[in-house]
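Structure provided below as structure tokens; questions to follow.
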There are 2 protein chains.
Amino acid sequence: MPATRNKNTPVSHAQVPRSDRLDTRVLETFVGYNARRAWLAVTEVFAERMAAYGLKQVDFSVLSLLAHNPGATSRQLCSTLDILPPNLVSLIAAMDSRGLIERRPHPHDGRAIGLHLTPAGEELIHEAERTVTELEADASARLTARERETLIRLLQKVYLPS
Amino acid sequence: MPATRNKNTPVSHAQVPRSDRLDTRVLETFVGYNARRAWLAVTEVFAERMAAYGLKQVDFSVLSLLAHNPGATSRQLCSTLDILPPNLVSLIAAMDSRGLIERRPHPHDGRAIGLHLTPAGEELIHEAERTVTELEADASARLTARERETLIRLLQKVYLPS
DNA sequence: TATTGTTATACTCTATAACTATA
DNA sequence: TATAGTTATAGAGTATAACAATA
């Protein structure tokens with residue numbers, strides 16, 4: 001509800017926002033809205049600094065997962081990251097072409113393919129993980145270490161089953 | 001680090017993940033990763049329950065913003081929600097066609113158009129805001145009221161300037 | 001000269017159906 | 001019969017360039 005205004009105030013029309021910024025107080029009461037905005041803020045920094053590695057977020061996630069889960073299959077990557085199988089194919093092919101990963105026959109399932117990082121892939125993801133750790137710290141610089149831990153714990157409470 | 005295993009255990013190869021679920025501990029140390037996962041979790045519930053209103057997240061945001069900022073312009077919506085102007089055009093047109101919003105000449109800028117909710121739009125967003133409030137509570141049901149407040153405050157600390 | 005709203009368009013992301021090889 | 005990986009394709013989301021009308 002608009003406050004009463006002096007008739008002589010130059011620009012003062014009811015029903016017309018007076019500044020560029022709109023009132024976002026209602027949207028800001030929602031976890032979904034805030035989580036997306038925070039993600040977008042981090043994403044911006046991520047994109048800037050990871051361009052040097054030629055890695056998008058999903059590429060980074062896949063390589064990092066393979067670094068700590070050697071031999072994982074496409075299906076496992078898909079279900080872990082909520083990617084649809086058809087959308088992972090070209091991504092995996094591109095990283096294979098770049099010499100970052102290798103496809104090896106799966107030891108006990110002829111349908112599946114075990115994915116492994118090459119030495120080049122190992123080195124790249126090692127550097128990339130360091131850069132992401134830095135970038136994350138910068139992107140959340142207004143949080144104390146304690147607050148950052150709390151934030152992550154609460155986010156996981158929203159999306160993790162357990 | 002894998003536990004030692006009985007030689008007779010059927011499937012046990014080093015370098016091969018033994019379960020479907022991969023080790024995501026590294027990814028889970030990042031705010032960006034967790035914020036996106038949490039957002040996706042809320043988004044799923046949002047999509048389910050808001051389909052009845054024919055509203056996507058961006059539609060809801062626009063209508064809610066107009067409910068509390070009557071007469072706002074496309075440009076203001078765009079800068080507030082980080083939408084590019086060309087991408088808002090068809091969205092606004094659709095809501096106009098549905099009779100949810102009205103375009104009125106801007107009182108003191110002939111280039112701009114003031115956007116207003118119609119009575120139908122007012123009623124729809126009023127119901128929709130109630131539903132979103134409920135759905136948000138359900139989607140973050142594992143959080144106490146206190147934790148939910150904390151989560152939102154910390155997320156805003158990541159993306160809001162101030 | 002700059003800004004608002006718009007058109008056309010391209011690029012990326014996400015989703016569905018259907019196929020093959022293997023289980 | 002079901003699953004892993006793949007192909008082709010469609011749809012949604014996001015991006016840039018350029019224009020008319022107004023400031």
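Quick note: numbers below take in every heavy atom, side chains included, and nothing from hydrogens, waters or symmetry partners. Below, chain A is the first sequence line, B the second, and so on; all start at residue 1.
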Taking the side chain of B/Ile113 as heavy atoms from C-beta outward, which of C/dT7, C/dA15, C/dG5 is closest to it?
C/dG5
Shared hydrophobic cluster for B/Phe60 and B/Val45 (ILVMFWY, side-chain gaps under 4.5 Å):
yes
Could you tell me the separation between the CG atom of B/Leu40 and the CD atom of B/Glu44, rounded to the nearest 0.5 Å?
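Interatomic distance, B/Leu40 CG to B/Glu44 CD, rounded to 0.5 Å: 8.5 Å.
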Whole angstroms only, please: what is the CG-P distance between A/Leu77 and D/dT3?
19 Å
Hey, can you tell me if A/Tyr159 and B/Tyr33 have their rings parallel, tilted or perpendicular (30° and 60° cut-offs)?
perpendicular
Can you check whether A/Lys56 has a side-chain N or O nearer than 4.0 Å to OP1 or OP2 of C/dT12?
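Indeed not, no polar side-chain atom of A/Lys56 lies that close.
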Interatomic distance where CG belongs to B/Asp109 and P belongs to C/dA2 [whole Å]
17 Å
Identify, between A/Arg36 and A/Pro85, the residue whose nearest nucleotide on DNA chain D lies closer to the 5' end.
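So the residue in question is A/Pro85.
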Rounded to whole angstrom units, what separation is found between the CG atom of A/Leu115 and the C1' atom of D/dG5?
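About 11 Å, once rounded to whole Å.
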Rounding to an integer number of Å, can you tell me how far A/Trp39 CH2 sits from D/dT14 C1'?
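Going from A/Trp39 (CH2) to D/dT14 (C1'), I get 11 Å.
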For the pair made of CD in B/Gln57 and P in C/dC13, what is the distance, rounded to whole Å?
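My rounded result for the distance is 18 Å.
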Candidates C/dA15, D/dA4, C/dT6 - which lies nearest the side chain of B/Arg103
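Given the options C/dA15, D/dA4, C/dT6, the side chain of B/Arg103 is closest to C/dT6.
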Are side-chain N/O atoms of B/Thr80 and B/Gln76 paired as donor and acceptor at under 3.5 Å?
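Judged by distance alone, the side chains do not pair up.
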When rounded to the nearest 0.5 angstrom, what is the spacing between CD in B/Glu122 and NE2 in B/His126?
9.5 Å
Just how far, in rounded Å, is C1' of D/dA12 from CG of A/Leu84?
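One finds 14 Å between C1' of D/dA12 and CG of A/Leu84, rounded.
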Looking only at side-chain atoms of A/Arg111, point me to the closest of D/dT3, C/dA2, D/dA15.
D/dT3
From CG of B/Leu81 over to P of D/dA15, roughly how many Å is that when rounded to an integer?
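Spelled out: CG on B/Leu81 to P on D/dA15 is 14 Å.
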Name the closest nucleotide to the B/Pro86 side chain, picking from C/dA8, D/dT3, C/dA15.
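Output: C/dA8.
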How close or far is atom P of D/dA12 from atom CG of B/Asp59, stated in whole angstroms?
12 Å
Closest-nucleotide 5' rank along DNA chain C - winner of B/Asn87 and A/Asp82
B/Asn87
